[in-house]
Amino acid sequence: GLRAFNAQSARLQSNYRPCPLRQGSMFGVANLLTYIWNVHFAAFLVGASLYVAYSLITGARLPRPSVGESKEDEARSRSRSSKKGGAREKYTGSSVAAFIAIVAVVAVSYFWLGARHSCPAELSTMYSEGADATPPATTSAITSSSLLWMTDEVSNSSDFFRPSVPRVPSSLLKHAWALGTSSQAGTPAGAVLEACAEWTPPGSGDTEAPVGELQAQLSCHRELLEPALADSAAAAAKIAPLLSKSKSLFEALRVAAPGAWDILADSAMDWAHIASAAFQSRCTAAWEELRALRNGKAIPVPESLSVLRSLSRLESVMRQALAALRDGIWAWRTWTEKTENPRAAAHGGKQIEELHELRGKVRSCTIRAIQEARAVVLALPQSHELVRNAVRCHPKLLADLEALALQEAEQETYAGAQFNLGLYWSEIGVSGDVPFFGQRASESWGSDADGLYIPLDLARAEGLMLLGEEASDDTELAERGPVRALRLYHHAKRLALQHHDAAAEVRYRTAAKVAALHQRHKLAGHSLTRLSYFLSLRGWQAEALSTANEALDFTPDPLALYLQATLRCSLGYVKEEAEILEVESQLMQIAGKLPSQALEEKRYTAHRELRIWRAAAEGGLETCFALQDASRVLACLICKFLFNT
């Protein structure tokens with residue numbers, strides 16, 4: 001009990017904002033009340049209050065002398081009730097004191113325990129469910145130890161320098177390039193670049209250093225970050241200490257060389273690479289963390305809330321990266337317009353294209369991350385205490401990042417950003433409103449490419465996905481094609497539930513066609529199988545049988561096999577003994593493989609009917625009576641007499 005009390009006390013102390021009234025010794029009272037404040041104790045308080053109130057009422061009824069009583073009778077009456085009345089008065093005083101104490105306990109407990117429903121200052125303080133639990137470390141979190149990435153080995157890298165190499169950024173950068181192409185930590189070139197990044201101008205500030213040295217040091221920062229981009233966690237650790245210094249260097253260069261557009265353009269390019277790398281590393285790390293959580297058997301709530309909180313902090317980093325990219329595009333465009341050298345102008349055009357591509361990747365990564373976050377939120381148990389508290393305290397946790405991402409992605413022509421934006425609108429159209437996000441599903445409808453009316457979100461999603469897929473190269477197309485087919489399949493399911501049959505059928509067939517085009521035969525067969533089942537529910541059995549046959553051309557889907565067997569029987573296509581045996585074997589083959597228990601029961605009934613009638617056909621007249629049902633027995637007997645079987 002003491003261990004549980006200490007755990008609860010630590011949880012309260014660590015999870016909530018300090019309140020001045022809760023400091024000191026009274027905090028122990030609040031902890032104690034957390035254990036007694038429950039349904040049973042509340043019932044006890046109500047009962048005790050009613051009993052004390054009853055005692056007060058009965059105790060107030062003291063004996064009074066009647067009008068006709070004499071003084072002697074009054075004296076005797078008082079003497080008889082003296083003992084009883086004294087005890088009653090004493091008992092009444094105790095009841096009053098007990099009643100006041102109970103009211104005080106209720107008031108204090110209500111006041112103190114009201115703090116339990118206050119929101120924490122940070123969502124990260126809501127993770128732990130016990131005193132020993134600690135918030136999980138995420139790949140996107142930057143700890144103090146990660147800032148110390150320049151180890152003693154790097155600082156003692158004098159073995160990589162020639163005696164004639166000056167310790168200034170311009171010379172160190174050239175020497176690093178001469179040592180090799182790899183600039184990873186621990187390599188000779190990496191050690192030289194780290195020494196370049198540690199260089200400090202001899203003056204009191206960066207503005208007093210030569211412009212060329214500041215520009216070279218900024219290039220060193222960029223060269224250090226390039227190999228780390230392959231590992232998002234390593235990139236986050238390296239970018240953190242360099243980001244603020246790189247920004248200071250760029251600002252110093254803008255002040256020191258206001259009219260040197262070539263220097264400003266190169267510096268803006270380096271700073272844009274650094275800022276976008278800072279964002280992409282953290283964005284990719286958050287996406288990978290969310291994807292790993294969603295792919296698990298059960299989504300852990302504390303870890304999921306931790307990653308969602310880390311993702312929400314990316315808004316400022318994204319704004320910084322977008323500002324750096326805008327500065328770079330503006331600087332290169334201005335320099336290209338001012339230069340008279342055609343080769344330099346062509347080079348500037350290539351640099352602008354590279355910056356546009358970087359901006360598209362930033363926007364695409366954001367959309368992809370919030371899409372994964374939306375899927376994780378949908379998978380969270382909404383009845384969980386931590387989830388309910390997080391929704392209550394931070395209902396718009398990711399709304400600002402979502403709004404910024406959608407605003408930026410709408411302006412993007414990069415194929416990846418367009419495709420991911422289409423996927424996001426598809427999620428909104430299929431799943432609807434989700435906690436922590438601000439974008440709501442639209443209630444408007446619009447027409448698709450075939451002139452069929454569907455929800456506006458789905459129409460917008462399909463148009464963007466198609467544009468992104470058509471603008472993709474061969475490598476990207478092999479990945480985006482099946483993803484688009486899967487989203488069309490989900491659109492078809494949503495429209496089928498809303499009884500938009502024509503629109504649903506078009507999307508089922510389009511999903512199968514796109515999936516088959518990219519050699520995803522299982523997805524193609526599954527899409528056609530669902531269409532066949534949908535058509536059978538609508539009563540179009542001939543079309544359903546034809547679609548089931550198409551699905552089986554791609555994959556032996558159990559539901560397609562069931563539909564083929566049952567539809568052949570209901571349409572009267574099973575007449576020969578060999579065909580009956582084939583259908584019976586087919587139904588036996590898919591036992592236990594159908595997607596629902598209701599379908600499994602229907603399969604069992606159909607298989608049982610076939611076995612019963614086959615036994616009746618092969619046996620004598622006595623086998624007809626095994627059918628039990630009078631109509632079946634009569635039909636069996638008539639058939640045996642007519643066909644002499």
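Any value given below was found using the heavy atoms of this structure, including those in side chains, with hydrogens, waters and symmetry copies removed. Just so you know, these numbers come straight off a predicted model, no measurement behind them. Heads up: numbering here begins at 1 and tracks the sequence.
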Working to the nearest 0.5 Å, report the span between [atom1] of [X] and [atom2] of [Y].
X	Y	atom1	atom2	answer
Arg460	Ser442	CZ	OG	7.0 Å
Leu193	Trp177	CG	CH2	9.5 Å
Glu251	Leu214	CD	CG	12.5 Å
Ser246	His273	OG	NE2	13.0 Å
Gln411	Leu421	CD	CG	11.5 Å
Leu552	Thr547	CG	OG1	11.0 Å

Restricting to non-hydrogen atoms, name the atom on [X] and the atom on [Y] that form the minimum distance, rounded to 0.1 Å.
X	Y	result
Ser532	Leu563	OG-CD1, 3.5 Å
Leu495	Ala503	CD1-CB, 3.7 Å
Leu401	Leu314	CD1-C, 4.3 Å
Arg368	Trp287	CG-NE1, 3.3 Å
Gly360	Ala417	O-CB, 3.9 Å
Gly328	Leu355	C-CD1, 3.3 Å

Close side-chain approach of [X] and [Y], heavy atoms under 4.5 Å:
X	Y	result
Phe279	Leu322	no
Gln320	Leu243	yes
Gln217	His221	yes
Tyr414	Arg359	no
Leu305	Arg309	no
Thr566	Lys602	no
Leu308	Leu290	yes
Leu406	Tyr424	yes

Tell me whether the rings of His347 and Trp332 are parallel (<30°), tilted (30 to 60°) or perpendicular (>60°).
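Ring orientation of His347 relative to Trp332: perpendicular.
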
Mind telling me whether Phe534 and Tyr508 have parallel, tilted or perpendicular rings, with 30° and 60° as the class edges?
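Taking Phe534 first and then Tyr508, their aromatic rings sit tilted (interplane angle of 30° to 60°).
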
Report yes or no: do [X] and [Y] form a side-chain donor-acceptor pair below 3.5 Å?
X	Y	value
Glu354	His356	no
His518	Arg480	no
His491	Arg494	no
Ser219	Asp270	yes

Could you tell me whether the side chain of [X] and the main chain of [Y] form a donor-acceptor pair under 3.5 Å?
X	Y	result
Gln541	Ser536	no
Ser447	Leu452	no
Arg363	Glu408	yes
Gln586	Leu561	yes
Ser276	Ala272	yes
Ser248	Ser244	yes
Thr529	Gly525	yes
Ser364	Lys361	no
Ser304	Pro300	yes
Gln498	His500	no

Could [X] and [Y] be called an ion pair, given the rule that one side-chain N must be under 4.0 Å from one carboxylate O?
X	Y	answer
Arg374	Glu427	no
Glu288	Arg291	no
Arg509	Glu505	yes

Could you please spell out the steps behind the side chain to side chain contact (heavy atoms under 4.5 Å, CB included) verdict for Ile428 and Trp425?
CA-CA 5 Å; Ile428 294 175; Trp425 282 116; 3.8 Å; yes

Step by step, work out the salt bridge (charged side-chain N to carboxylate O under 4.0 Å, His left out) result for Glu315 and Arg319.
CA-CA 6 Å; Glu315 181 192 358; Arg319 292 187 183 276; 3.1 Å; yes

So Tyr562 and Lys593, side chain to side chain contact (heavy atoms under 4.5 Å, CB included) or not? Walk me through it.
CA-CA 10 Å; Tyr562 165 79; Lys593 299 179 181 180; over 6 Å; no

For Asp448, what residues pass the salt bridge (charged side-chain N to carboxylate O under 4.0 Å, His left out) criterion, not counting sequence neighbours?
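With neighbours one apart ignored, the set is Arg507.
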
What's the verdict on side chain to side chain contact (heavy atoms under 4.5 Å, CB included) for Gln439 and Asp433, showing C-alpha distance, side-chain angles and the deciding distance?
CA-CA 7 Å; Gln439 184 63 44; Asp433 300 339; over 6 Å; no

What verdict does the side chain to side chain contact (heavy atoms under 4.5 Å, CB included) test give for Leu218 and Ile274, after you've listed the backbone C-alpha separation in whole Å, the side-chain angles of each residue and the deciding distance to 0.1 Å?
CA-CA 9 Å; Leu218 189 61; Ile274 294 171; 4.0 Å; yes

With a cut-off of 6.0 Å (strictly less than), are more than 12 heavy atoms of other residues, nucleotides or ligands near [atom1] of [X]?
X	atom1	result
Lys396	NZ	yes
Glu410	CD	yes
Tyr533	OH	no

Decide salt bridge (charged side-chain N to carboxylate O under 4.0 Å, His left out) for Lys350 and Glu353; before the verdict, give the C-alpha distance in whole Å, the side-chain angles of both, and the deciding distance to 0.1 Å.
CA-CA 5 Å; Lys350 293 181 180 179; Glu353 290 180 4; over 6 Å; no

For Gln382 and His384: C-alpha separation, side-chain torsions, deciding distance, then whether side-chain hydrogen bond (donor to acceptor under 3.5 Å, both in side chains) applies.
CA-CA 6 Å; Gln382 301 300 317; His384 197 283; over 6 Å; no

